[in-house]
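Worksheet: the structure to be examined is printed underneath.
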Amino acid sequence: MADGKVVIETAGLSKRFWGGFRGKDVHALVDVSLGVASGEIFGLLGPNGAGKTTMVKILLGSLRPSSGSASISGHECRTRLARQKVGFLPENHRFPPYLTGIQMLYVYGGMAGLSRKQINAKAGPLLEMVGMSRWRKTRIKKYSKGMMQRLGLAQALLNDPDILFLDEPTDGVDPIGRHEIRNILLELKRQGKTIFLNSHLLAEVESVCDRVAILDKGKLIKTGPVIGLTAAKPGYTIETHSLSEETAHKIAAAFPQVQVTGNVVHATFDDARQVNDLIDFLRSNQVDLISVAPIKVSLEDSFMQLIRGNEAGD
Amino acid sequence: MTKFCAILYDTLLEVRDRKIFYLYWAVTLILVLVFLLLPDFKINNVNLFENADVGSELIRKAYAAFFDGFYGFMIFLMVFGAAGLMPSYLGKGRIELALSKPIDRCRLAVMKFAAVYLIMIALLAATTIIIYLVLSIRLGSFTGYFFLGLLLAFVQFFAVYAIVFFLGVASNSSALSIMGYFIIRVGSDLLSGREVVYRFLEGSIWKTILDGLYHILPKIGEMASNYVPLMEGQGLDKTYPVYSTVGISIVLFLVAILIFNRRDY
């Protein structure tokens with residue numbers, strides 16, 4: 001299925017919630033247009049209340065858009081056909097507490113059209129994969145949040161979906177579990193599945209997603225590959241043994257883009273080769289170097305910058 | 001069919017978890033013990049337990065008298081048992097997952113209604129048959145007339161559950177759906193005796209309003225007044241309340257589906 005075809009598409013999607021007779025209407029989504037290609041892991045980012053869950057709910061038919069359109073695999077999102085090969089792990093789910101793990105798979109697998117025989121064949125390996133085999137006959141009411149997430153993931157994968165919607169999949173999961181889920185997502189991507197991931201955890205998104213979209217106050221403020229968002233001018237931090245005031249002035253005169261703080265030199269260059277010039281300059285001025293470390297721009301840095309920029313724009 | 005079976009299975013496990021089963025079995029057990037331990041069962045000063053040769057009409061009266069009260073009580077319990085099932089299904093964090101499955105909303109609502117209805121009437125049928133067997137053994141007479149009462153109970157519960165289902169979908173609250181049902185039930189019972197109220201009201205407008213309300217509200221109480229004549233073999237005594245209640249219930253059920261189909265979850 002990984003053929004690059006757009007399988008999730010929204011065009012001018014808006015959602016307005018009525019604010020009551022006295023309140024203001026809430027614009028949860030404003031004219032959002034995006035596309036997700038088959039076989040990619042797509043991350044939807046945004047602060048709380050940005051409209052991420054609203055977006056997923058519209059795509060999966062829980063909410064009706066106020067305007068615009070949304071489709072999955074070419075089918076209008078409210079139709080049954082759109083959800084034929086889709087798996088979903090909702091945020092803040094409340095799985096029926098009276099069910100055991102295996103019973104939950106019977107119920108939701110059955111609702112996806114799978115027979116008991118098919119579910120039995122798939123449940124074992126899936127529960128094994130998410131580390132829930134031991135708890136298959138335990139009631140969900142006794143599960144921890146992390147266990148419910150794991151079971152929810154197994155449930156989402158039961159019908160062998162082509163497209164997987166995961167809303168905060170690692171919420172409440174311990175670090176080992178997060179690592180395991182990350183590996184599962186990468187394995188699913190390898191199998192050609194399309195994954196639409198909603199997450200607050202930017203490091204997680206950065207490590208698994210191919211592309212991301214950033215929503216803020218219902219508006220799409222950035223879409224692009226993760227590499228594009230984290231790529232910046234090459235920056236370095238050079239720690240020195242000692243730096244006299246005179247040398248610091250010389251550096252500032254020779255390299256205007258460099259900042260000196262105590263014994264540390266912070267440099268951002270248009271070209272990575274310029275760092276060698278700076279090192280040569282420092283050495284020629286008898287400055288002893290302790291370390292040269294590249295400055296990495298994380299997705300979190302880009303995200304914060306974009307959100308602040310958007311707030312300033314408002 | 002697989003999808004319906006999954007919903008039925010889920011509903012069955014929820015009913016079990018809510019101890020509704022146990023309530024039914026407890027009521028059944030109490031009645032069974034009462035009939036086993038009861039020294040006599042008198043109608044018109046004839047002890048039916050000691051007069052197996054009494055006429056079938058008397059036996060029918062005995063069944064009718066008992067099952068009239070029994071069905072009324074069981075449907076009362078069924079309202080409480082079933083009222084919370086749809087609102088809990090519509091709960092945040094649960095309905096989203098159901099809606100993400102490849103099932104049309106209309107079908108999902110119909111299947112959930114059918115699942116609850118089938119489980120409830122199956123429970124009613126099972127308890128009825130157990131009590132019938134014990135009662136028949138004690139009376140020494142097996143008569144099938146009570147089955148007509150059971151059929152009427154099925155129809156009555158369809159009407160009752162359609163009202164509760166509509167209120168549950170509209171309000172998302174089991175408490176409101178139970179309260180709403182009893183308000184409708186009491187209101188319709190009062191309206192069935194509206195002739196008395198006319199004496200105290202002047203002007204035809206009140207008559208029109210009360211008549212209108214009477215006709216548009218489901219008449220569950222009046223419907224139940226058919227149990228005794230039906231089980232005594234006289235057929236339906238009042239047909240209008242039955243037909244109009246079923247008709248109104250179907251309309252309420254369709255409106256519930258329409259609401260469910262259009263609402264944001």
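Predicted model only: the values in this text are computed from it and were never measured.
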| A:Trp135 and A:Leu127: CA distance, side-chain angles, deciding distance, side-chain contact (heavy atoms from CB on, under 4.5 Å) verdict | CA-CA 9 Å; A:Trp135 310 102; A:Leu127 289 171; over 6 Å; no

| So, the side chain of A:Lys193 versus the backbone of A:Pro161: is there a donor-acceptor pair under 3.5 Å, distance only? | yes

| With a 4.5 angstrom heavy-atom cut-off, which part of A:Leu63 approaches chain B: side chain, backbone, both or neither? | both

| query | Of the backbone (N, CA, C, O) and the side chain (C-beta and beyond), which part of A:Leu114 lies under 4.5 Å from a heavy atom of chain B, both, or neither? | reply | backbone

| In terms of ring plane angle, is the pair B:Phe165 and B:Phe113 parallel, tilted or perpendicular, where the classes change at 30° and 60°? | perpendicular

| task | Just jot down the salt bridge (charged side-chain N to carboxylate O under 4.0 Å, His left out) partners of A:Glu204, sequence neighbours excluded, or say none. | result | none

Enumerate the inter-chain donor-acceptor pairs under 3.5 Å for chain A and chain B, one line per pair.
residue  : atom : partner  : partner atom : Å
A:Lys15  : NZ   : B:Asp264 : OD2          : 2.5
A:Lys57  : NZ   : B:Glu96  : OE2          : 3.2
A:Gly61  : O    : B:Arg105 : NH2          : 2.7
A:Ser62  : O    : B:Arg105 : NH2          : 3.0
A:Ser62  : O    : B:Tyr265 : N            : 2.8
A:Arg64  : N    : B:Asp264 : OD1          : 2.8
A:Arg78  : NH2  : B:Asn261 : O            : 2.7
A:Arg83  : NE   : B:Leu99  : O            : 2.8
A:Arg83  : NE   : B:Lys101 : O            : 3.1
A:Arg83  : NH2  : B:Ile103 : O            : 3.1
A:Arg94  : N    : B:Gly93  : O            : 2.9
A:Tyr98  : OH   : B:Asp10  : OD1          : 2.8
A:Tyr98  : OH   : B:Glu14  : OE1          : 3.2
A:Tyr98  : OH   : B:Arg94  : NH2          : 2.6
A:Arg139 : NH1  : B:Asp17  : OD1          : 3.3
A:Gln155 : OE1  : B:Lys101 : NZ           : 2.6

| task | Name the option with the most non-hydrogen atom pairs under 4.5 Å to chain B; the candidates are A:Val56, A:Leu60, A:Val107, A:Leu89. | result | A:Val107

| said: Given heavy-atom pairs under 4.5 angstrom as the criterion, report whether the side chain, backbone, both or neither of B:Leu8 touches chain A. | reply: neither

| task | Indicate the atoms forming the closest heavy-atom contact of B:Gly180 with B:Leu167, along with that distance. | result | C-CD1, 3.5 Å

| message | If you compare all heavy atoms of A:Val205 against all heavy atoms of A:Gly43, which two are closest, and at what distance to 0.1 Å? | response | CG1-CA, 4.4 Å

| query | Is the distance between the ring centroids of B:Phe80 and B:Phe76 under 6.0 Å? | reply | yes

| field | Contact check, side chains of A:Asp31 and A:Leu220, non-hydrogen atoms, under 4.5 Å | value | no

